[in-house]
Amino acid sequence: MGLCATAKGLTDETEFNCGYLTFGHFRIALAKAYNDELGAIYEKHYREEDLTDQEISRYDELCDPDLDIFLFHDDGEGHFTAAECRKVYNAIKDLNMDMVGHNYGVMKPYNMLDHWKNIFNHCAKREVRLHFR
């Protein structure tokens, strides 16, 4: 069981279809790629550890609200609008990280950040919703 993120025009190879644990590790790595300190605070939150008021304040200082759209989106059901996809894409487009992933069924390895950039860019350019299920 895992997360499938798909949109009109994406294929089994170009959508995201992988486990929740992998997706969680990806979002932690993404937060760290954006900023090490922000990533450490996000990871603590992700692991359901209590954050201090100072950590919450520091996180708010460091984070791009457009990145938060992705970091805090429910990983079960829901969707991103094309406008939200554009915001997330713009927040991550200049980031780099090496994390290999693959889609269930296809099992072809890819760079997860590049894969998500392509998904968000696809939805933004084509004005389609990205569905999480």
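Count residues from 1 along the sequence.
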How far apart are the C-alpha atoms of F70 and F120, what are their side-chain angles, what is the distance that settles it, and do they pass the ring pair (Phe, Tyr, Trp, His ring centres under 6.0 Å) test? CA-CA 10 Å; F70 184 52; F120 283 118; 5.1 Å; yes
Do we see a donor-acceptor contact under 3.5 Å between the side chains of D12 and Y104? no
How about Y59 and D68: does a side-chain donor come under 3.5 Å of a side-chain acceptor? yes
Which residues pass the side chain to side chain donor-acceptor pair (under 3.5 Å) test with [X], sequence neighbours left out?
X: H122; result: R126
X: R129; result: H79
X: T14; result: T11

Let me confirm one number: the [atom1]-[atom2] distance from [X] to [Y], rounded to the nearest 0.5 Å.
X: L113; Y: M99; atom1: CG; atom2: CE; result: 10.5 Å
X: L71; Y: C63; atom1: CG; atom2: SG; result: 6.0 Å
X: E49; Y: K44; atom1: CD; atom2: NZ; result: 6.0 Å
X: E15; Y: T6; atom1: CD; atom2: OG1; result: 4.0 Å
X: L10; Y: C123; atom1: CG; atom2: SG; result: 5.5 Å

Given R58, which partner from the list I56, D60, L62 fulfils the side chain to side chain contact (heavy atoms under 4.5 Å, CB included) test? L62
For the residue pair [X] and [Y], establish whether any side-chain heavy-atom pair is separated by less than 4.5 Å.
X: N17; Y: L3; value: no
X: H115; Y: N103; value: yes
X: L30; Y: L95; value: yes
X: D75; Y: R27; value: yes

Search all heavy atoms of [X] against all heavy atoms of [Y] and return the closest pair with its distance.
X: K117; Y: K93; answer: NZ-O, 3.0 Å
X: A7; Y: L130; answer: CB-CA, 4.2 Å
X: A124; Y: R86; answer: O-NH2, 2.8 Å
X: Y46; Y: Y20; answer: OH-O, 4.2 Å

Is the number of heavy atoms from other residues, nucleotides or ligands within 6.0 Å of CG (D98) greater than 12? no
Let me see the working for K32 and E37 under salt bridge (Lys or Arg N to Asp or Glu O under 4.0 Å), right down to the final yes or no. CA-CA 7 Å; K32 289 179 179 179; E37 184 181 359; over 6 Å; no
Please tell me whether W116 and Y110 form a close aromatic pair, meaning their ring centres lie under 6.0 Å apart. no
Centroid-to-centroid, Y42 to Y34, below 6.0 Å? no
Start with the C-alpha distance between F72 and H45, add both sets of side-chain angles, then the distance that settles ring pair (Phe, Tyr, Trp, His ring centres under 6.0 Å), and finish with yes or no. CA-CA 10 Å; F72 288 98; H45 167 77; 5.2 Å; yes
Determine, using the 4.5 Å side-chain heavy-atom cutoff (strictly less than), whether Y89 and V128 are members of one ILVMFWY cluster. no
If only atom types and distance count, is the side chain of K87 paired as donor or acceptor with the main-chain N or O of D66 below 3.5 Å? no
